[in-house]
Each structure stands twice: as C-alpha cells, then as structure tokens.
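Note sheet for the following structure.
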Amino acid sequence: MSNFKEQRSRYGTYSTQWDYVQDRFGEKELLPFSISDTDFMIPDGTIDILEKAVTRGFFGYTRWNHLDYKESISRWFQQEFTCKIEPEWCVYSPSVIYSLSVCIQLLSQTNDKIVTFTPCYDAFFNCISGNKRELITFSLTNQDEQFTIDFVELEKVFADVKPAIFLLCNPHNPTGRVFAKEELTQLISLCNQYQVAIISDEIHMDVRRPGKKHLPIVTFMDQIEVPVVLLSSASKTFNSPGLGGSYAVFPDTTLRESFLSILKGRDGLSSIPYPALLATIDCYNNQKKWVADLNQTIDENFAELKKMLDADSRIRFAIPEATYLGWINIEGLPYSMEELQTVLVKREKVAIMKGATYGTEGANYLRFNLGAPKEKIIDGAKRLMNAISYLDEH
C-alpha cells in the first residue's frame, strides 16, 4: 500500500488542484483539499502498460468500439455490483459532462425542466443552463447530517413543473449518500408515472464505506419504462482523468445510436485517447485489489478526520457512505464563511472548498477532499482547527 501512504509531489504536472490552486483561492502554494481528484498514483500494473505503450511509440487514431474495451466495463459491473450490462450498451465518451450535455439535448427540448438533488456537483449548473434548460433544484432532507429524500414533496415537484429529465448523482456528490434499493425503486416509479427520463451520474460508484452496496440504475431495467442512461468513468476511482475518457451505458438502441451520431458525426470525437483505452481496460480487468486498498485508506482518513473534528462540538460531521469527500457543517461557528476562508488561505495556507459552490444548501459547509495519504489529511485538519482557534481568539 505504499502508493497510499507516501506523499509525492504533484507540482510540475500542470495539476489543477496543486499548480493552479491560485485560480480558485487567489493564492499560490496552498495545501489543497479542493478539486475532486486524488493524490494517488495510478496502479503500478497500469503504469507498466502505459510505459510499454510509450516505448513502442504509436499514438495514432485509436478505436474503442471492440470487445476488449466494452467487456472490461461490463465485467467490472458484474464483478463489483452483480449488475449485468451487455457490452454493446457501452459507448466511449470524452467526459461524463460531455455525455450529460449530449443526453440533455437528446432527451429534452429548449426551456424544458431538469430536476436534481441539491446540493450538487457544480458542473451540473453550467451544463444545464448552457443547454438552455431550466434546473429545478430539490433539496435533500438533512436530519443530523443524514440526507434523505422527501418523496411526497418530490412528487409534488414532478406534478407541478413536469420535468423532462431527472438527473441522479449516485453516489451523491457532495453528501456521499449511496441511495438504497427502496429509494431508487420509488424514484423510478415516480419517473415512470410522470414520464421523466433518467440520467444517472455514477462516477463515484467504487469508493464506498464497508457494507455500503452501490446499485447501478440499470440494475432496475425490468422496472424502468422511460429512457435511461448511466454515465461513469474509471478516472475517479483510479485517478486517471488526465488520460481522458469516460463511458455511457445505453440499454436503448435508438438512444445509443443517436448519441453516437452526435459523438462521431457532429462533434468528431469517435477516437479514444490510446492511454485512456489501455488504462480503463487494465484497471477494470486487473486492479480490484488496488481499489480495496484505496477504500481502506479512505476509510482510515475519514476516521482520523472525524476524530479531529469531534474535538469541537460546534462542528457537525458524519462520515459519508461513499466518495472521498467530507461534507463538514460549520453552521455552529460564530463567524462567516468569508472570515473563515480568509484565515484558512492567508494564515494557514490551506485550500478547502466552500460548500456554496454546490448550491445554497452548502452555504455553511466545507467540502474536504480526503483522497490523499493520511499525513496530508492530518495536516489539513490541523490547519482547519488552527484557523477556528485563531478566529475564536480574535
């Protein structure tokens, strides 16, 4: 597990989180816990495969539409989630947000409504508005930092606004919920009743706490009567977004062909980056043990963070069911987010995302990225607590 214990410098890699932290926080050389990638190298076996490819030196146009690629995805879903996916359902895409954008175009019309649970991943806001659709936010119910769905109120929203699409994020970013079978079944029933298409972003599916089972939306194909697409990528789990590439799972042939006509015809994006192809195939075929070690590391990090935060009774924090993102409630602190951020950045030299980035429900939250060796997590948590102590004294 040395890959998960050693701190290695990411400076000089054009890293968004490290080299360009000033873009979001206004200062250079901060200790970052912000962008949703990790400080872990990709698996050693995957590095070996990429090294061999670089040595060979061939990086021409590369095809993804073959069983080596598609079966690696379907095999992973069967192995990890006992979920049967036909290989032909799997389609390459340059990114999950690209897939979301195209699926919004295919499943709705200009000015249509799209409902999603909030707080939510901030890229959803721009993707929906950029496609000239209206986002209808539905707040998850928060009871003692446990987030649930009020289905009575959700049905009222469906009946009132008549959305074209429900955009699901499962596991949920930033709250870390893994939605249960009963919740997903009830959500599908509502979408069937009101004829609302389902787009499910499941990119955080592999990083979960012990005993938490992820149920891909396509597990419920025998119940779903509306268009549905699952979006995901190996990049979040294996920390390979810099290689490019994601995939979409389309059970419906017509919708899949419509997506491909845009991907290949309109947008000219039919060739997958060769390193992304190799990495996805290897990670899904050979790196199950690496994911187990990753999850153990994240579990330990969360336990350490909670122990440190619990020292201040004004902070409310519950270890999430999934993701490597801590959602920390600082509402009980007697100063504003702006005051806290100023001390964090200027005095403690640490970058922690303010929750308002993810919607109004996050106004009193910090989103803390725990995808790093424990030593860094402890350092960041100490800086956070130091900032709070400083404000208490001044």
Side-chain angles (χ1 to χ4, degrees), residues 4 10 13-25 30-42 93-101 116-127 147 167-178 200-209 214 231-247 276 279 283 291 294-295 297-299 301-302 305 317 319-328 344 350-359 361-362 365-373 376-377 380-381 384:
F4 301 108
R10 290 178 63 193
T13 63
Y14 302 101
S15 164
T16 300
Q17 182 166 196
W18 288 82
D19 290 308
Y20 295 98
V21 68
Q22 184 177 15
D23 292 352
R24 284 188 182 240
F25 293 88
L30 304 178
L31 185 68
F33 298 86
S34 51
I35 305 302
S36 185
D37 66 7
T38 75
D39 291 335
F40 303 127
M41 295 168 61
I42 60 175
S93 167
S95 74
V96 164
I97 294 301
Y98 171 85
S99 297
L100 173 60
S101 180
T116 197
F117 295 139
T118 48
C120 71
Y121 176 42
D122 54 312
F124 289 173
F125 297 120
N126 291 334
C127 186
F147 295 87
L167 173 54
L168 177 65
C169 184
N170 181 34
H172 186 257
N173 176 9
T175 68
R177 270 303 316 277
V178 178
S200 186
D201 174 356
E202 304 190 13
I203 197 169
H204 290 277
M205 62 192 185
D206 299 315
V207 184
R208 306 180 310 280
R209 306 296 83 77
H214 173 68
L231 312 178
S232 195
S233 173
S235 65
K236 190 67 63 178
T237 304
F238 297 96
N239 201 38
S240 58
L243 295 177
S246 74
Y247 54 86
C283 286
V291 176
L294 169 70
N295 273 307
T297 301
I298 301 300
D299 293 343
N301 286 351
F302 268 116
L305 178 64
F317 174 66
I319 295 175
E321 296 173 337
T323 79
Y324 49 74
L325 304 168
W327 192 234
I328 304 169
L344 287 171
V350 63
I352 306 173
M353 293 293 287
K354 56 185 179 182
T357 302
Y358 312 99
E361 298 89 346
Y365 283 81
L366 296 170
R367 197 189 78 165
F368 191 108
N369 182 342
L370 285 86
K376 181 192 174 193
I377 305 307
L384 171 58

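A quick note: this is a predicted structure, and the numbers were derived from the prediction, not measured. Count residues from 1 along the sequence. Note: hydrogens, waters and symmetry copies are ignored here, and every other heavy atom, side chains too, is used.
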With a 4.5 Å heavy-atom cut-off, do [X] and [Y] have their side chains touching?
X      : Y      : answer
Tyr247 : Ser99  : no
Met205 : Val178 : no
Pro373 : Asn301 : no
Leu294 : Phe238 : no
Leu168 : Asp201 : no
Trp327 : Tyr358 : yes
Pro32  : Phe25  : no
Pro171 : His214 : yes

Is it the case that the side chain of [X] and the backbone of [Y] share a donor-acceptor pair, with hydrogens and angles ignored and the cut-off at 3.5 Å?
X      : Y      : result
Ser240 : Leu243 : no
Asp19  : Tyr14  : yes
Thr118 : Cys120 : no
Asn369 : Leu325 : no
Lys236 : Asp206 : no

request  = Start with the C-alpha distance between Trp18 and Asp39, add both sets of side-chain angles, then the distance that settles side-chain contact (heavy atoms from CB on, under 4.5 Å), and finish with yes or no.
outcome  = CA-CA 10 Å; Trp18 288 82; Asp39 291 335; 2.9 Å; yes

Nearest 0.5 Å, what's the [atom1]-[atom2] distance between [X] and [Y]?
X      : Y      : atom1 : atom2 : result
Ile377 : Leu370 : CD1   : CG    : 4.5 Å
Ser93  : Leu231 : OG    : CG    : 7.5 Å
Phe302 : Phe317 : CZ    : CZ    : 5.0 Å
Asn295 : Arg208 : CG    : CZ    : 7.0 Å
Ser232 : Ile203 : OG    : CD1   : 6.0 Å
Tyr324 : Thr297 : OH    : OG1   : 13.5 Å

query = In chain order, what residues pass the side-chain hydrogen bond (donor to acceptor under 3.5 Å, both in side chains) check against Thr175, with sequence neighbours excluded?
reply = His172

Indicate the atoms forming the closest heavy-atom contact of [X] with [Y], along with that distance.
X      : Y      : value
Ala276 : Gly244 : CB-O, 2.7 Å
Thr16  : Ile35  : CG2-CG1, 3.9 Å
Phe147 : Arg177 : O-NH1, 2.6 Å
Ile298 : Thr323 : CG2-O, 4.1 Å

task = Answer yes or no for Lys376 and Phe33: cation-pi contact, defined as NZ/CZ to six-membered ring centre under 6.0 Å and angle to ring axis within 45°.
result = yes

task = Under the side-chain contact (heavy atoms from CB on, under 4.5 Å) rule, what do Leu30 and Val21 come out as? Steps first, then yes or no, please.
result = CA-CA 7 Å; Leu30 304 178; Val21 68; 4.2 Å; yes

Assess the side chains of [X] and [Y]: does a donor N or O sit below 3.5 Å from an acceptor N or O?
X      : Y      : value
Ser246 : Ser233 : no
Asp122 : Thr357 : no
Glu202 : Ser200 : yes
Asn173 : Arg367 : yes

query = Can we say Arg10 and Asp37 salt-bridge, meaning some charged N sits less than 4.0 Å from an Asp/Glu carboxylate O?
reply = yes

key: Pair Glu321 + Arg209, salt bridge at N-O below 4.0 Å   = no

ask   = Taking the six-membered ring for Trp, are Phe40 and Phe4 ring centroids under 6.0 Å apart?
value =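 Yes, close enough.
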
Criterion side-chain contact (heavy atoms from CB on, under 4.5 Å) on Leu366 and Leu384, from CA distance to verdict = CA-CA 10 Å; Leu366 296 170; Leu384 171 58; 3.8 Å; yes

